[in-house]
Number of protein chains: 2
Amino acid sequence: MSKQIAAIPLFEGLSQKHYDELAGIAVDRSYKRGQIIFSEGDEGIGLYVLIAGKVKVFKLSPEGKEQILHVFEEGEPFGEASVFAGQRFPAHAETLEKSRILFFPRAAFIELIKRDPSLALNMLAILSRRLRKFTLLVEDLSLKEVPGRLAAYFLSVSEQRDGSDDLKLDIAKNQLAGLLGTIPETLSRILARMVRQGLIHVDGSRIKIVDRQGLEELAQAERRL
Amino acid sequence: MSKQIAAIPLFEGLSQKHYDELAGIAVDRSYKRGQIIFSEGDEGIGLYVLIAGKVKVFKLSPEGKEQILHVFEEGEPFGEASVFAGQRFPAHAETLEKSRILFFPRAAFIELIKRDPSLALNMLAILSRRLRKFTLLVEDLSLKEVPGRLAAYFLSVSEQRDGSDDLKLDIAKNQLAGLLGTIPETLSRILARMVRQGLIHVDGSRIKIVDRQGLEELAQAERRL
DNA sequence: ATCTCCCCTTGACCTAAGTCAAAGCATATT
DNA sequence: AATATGCTTTGACTTAGGTCAAGGGGAGAT
């Protein structure tokens, strides 16, 4: 297991001794698609690291509308906040596909941080980046309309793929709606509109960026579609 | 200056030696109301701690609409994220009133964290709590309507004041609008509506909670006002 | 091959909340 | 005291996007 652990960015730069320690305290769990990992309000008893698969962390309104806060991919830790603040989970976590997850109990993990400053700094960097992502999400929700959010999403996915114009959505469109703070119907309409305007081309979950500059303008300001 | 430093929660539990070191690297700055501390896109060269006054951190849309991410009060650190993630500031910071701020340059601060695990853990706890706050903000923006956000705001202020029903807003209403992701006109209308419904009583910046349960229902779900 | 369960799309409708404009207040400054 | 500047409220109007309802397709299961 210590091999998987060494591959996790959070643990980069640690000594072999610490890898072994981590391997000693880690609990290895497997989940199939659609399983709940934790729910809002649960006690935060440790840190999770996703080894394989995909996990969404989300809020639910009483009416059932879902706002996804983050979709985690391989190698990413989650549930950290409640480890350090000693609070309950502020959101739900559920697998989007078959996943494998390592769980590190709180106390042992904190001990390790106390002893290894590079682990502390890694953790600080990760939390900082996450904070920054949330900042962007808040900006999107508050200052952009749905087309702008969608355009921004496409551009950011494209960037992750080294600027390719051919994108494959790795989450279903109804999940994407939840990530953008809207509902599937609206997303569907806006996709159709973007196609009509010649901004993108859509074929199922394949998206092709046709007019990158148009998308950029849309993502940037409140320009009308 | 080491006296002020000892009073900062972030530095709780440090040794006298570390207080002195911090005092050694800190830069003491004074600002009057309305001054920019940093702008979005600036290089994050250090950590700020607010000693006195009030600072808002906010995003601006191209049209000039403002979304406040956080209003910082005495003793709170800000601008930390860019210290650890080595990124630019994702938002603007401006004083809401005359303020005094200590600035800790990045490198020296990181050195100190490496040497003192309790500082690292304090920092982790603060970032975690901030992350949690952002989670609530996202939830509000995405899953609640403005009346619900406002009700939630009143309840949270009341909680901070040990559950008192008599609140004094410590920010102007137009700022509050920015914090709730809306505009002053809308806020004004909703306040009037809440008064009409007998939920609260308003006198300038004094708010009196009349029907706490009504506010709680409003804050909770999407109930109609 | 057909069934079935989702996922996705489209249409008609409605409402929360933003825009624009104007006027009333309050606080601080000279 | 007078003036200016920024905060707050109200009114009339517009619109993004949510709700409800009804179909259409694709992938795995039997």
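Naming: A, B, ... by sequence-line order, numbering from 1 per chain. Everything quoted here is computed from the prediction, not taken from an experiment.
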Could you state the atom-to-atom distance from [atom1] of [X] to [atom2] of [N] in whole Å?
{"X": "A:Leu143", "N": "C:dA17", "atom1": "CG", "atom2": "C1'", "value": "15 Å"}
{"X": "A:Ile171", "N": "C:dC8", "atom1": "CD1", "atom2": "P", "value": "10 Å"}
{"X": "B:Leu191", "N": "C:dA16", "atom1": "CG", "atom2": "C1'", "value": "16 Å"}
{"X": "A:Leu180", "N": "C:dC8", "atom1": "CG", "atom2": "P", "value": "13 Å"}
{"X": "A:Asp203", "N": "D:dG25", "atom1": "CG", "atom2": "P", "value": "14 Å"}
{"X": "B:Lys173", "N": "D:dT10", "atom1": "NZ", "atom2": "C1'", "value": "14 Å"}
{"X": "A:Leu150", "N": "D:dA16", "atom1": "CG", "atom2": "P", "value": "16 Å"}

Worksheet item: Base, sugar-phosphate alone, or nothing: which one does A:Arg33 contact when heavy atoms must sit under 4.0 Å apart?
Response: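 Since only primed, P, OP1 and OP2 atoms lie under 4.0 Å of A:Arg33, the category is sugar-phosphate.
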
Discussion item. Side chains of A:Arg149 and A:Thr182: any donor to acceptor distance under 3.5 Å?
Written reply: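 Not at all, the side chains of A:Thr182 and A:Arg149 share no donor-acceptor pair under 3.5 Å.
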
Fill in: Pairwise distance NE2(A:His70) to OG1(B:Thr135) - rounded to 0.5 angstrom
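Here the interatomic distance stands at 11.5 Å.
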
Can you say whether the rings of [X] and [Y] are parallel (under 30°), tilted (30 to 60°) or perpendicular (over 60°)?
{"X": "B:Phe11", "Y": "B:Phe104", "result": "perpendicular"}
{"X": "B:Phe78", "Y": "B:Tyr48", "result": "parallel"}
{"X": "B:Phe134", "Y": "A:Phe134", "result": "parallel"}

Discussion item. Less than 4.0 angstrom between a side-chain N/O of B:Asn174 and OP1 or OP2 of D:dG6, yes or no?
Written reply: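 B:Asn174 to D:dG6 OP1/OP2: no side-chain N or O under 4.0 Å.
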
Please produce a list of atom pairs where a protein N or O lies less than 3.5 Å from an N or O of nucleotides 17-21 of chain D.
from: D:dG17; atom 1: OP1; to: A:Val146; atom 2: N; distance (Å): 2.9
from: D:dG18; atom 1: OP2; to: A:Thr182; atom 2: OG1; distance (Å): 2.3
from: D:dG18; atom 1: OP2; to: A:Thr186; atom 2: OG1; distance (Å): 3.0
from: D:dT19; atom 1: O4; to: A:Arg189; atom 2: NH2; distance (Å): 3.0
from: D:dC20; atom 1: N4; to: A:Glu185; atom 2: OE2; distance (Å): 3.4

Practice prompt. Look at the side chain of A:Pro184 and decide which nucleotide, out of D:dT10, C:dT9, C:dT10, has an atom nearest to it.
Written response: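 Closest nucleotide to the A:Pro184 side chain: C:dT9.
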
Item to complete: Report yes or no: does B:Gln175 contribute a side-chain atom to a donor-acceptor pair with the main-chain N or O of B:Ala172 at less than 3.5 Å?
Response: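 Checked: no pair found.
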
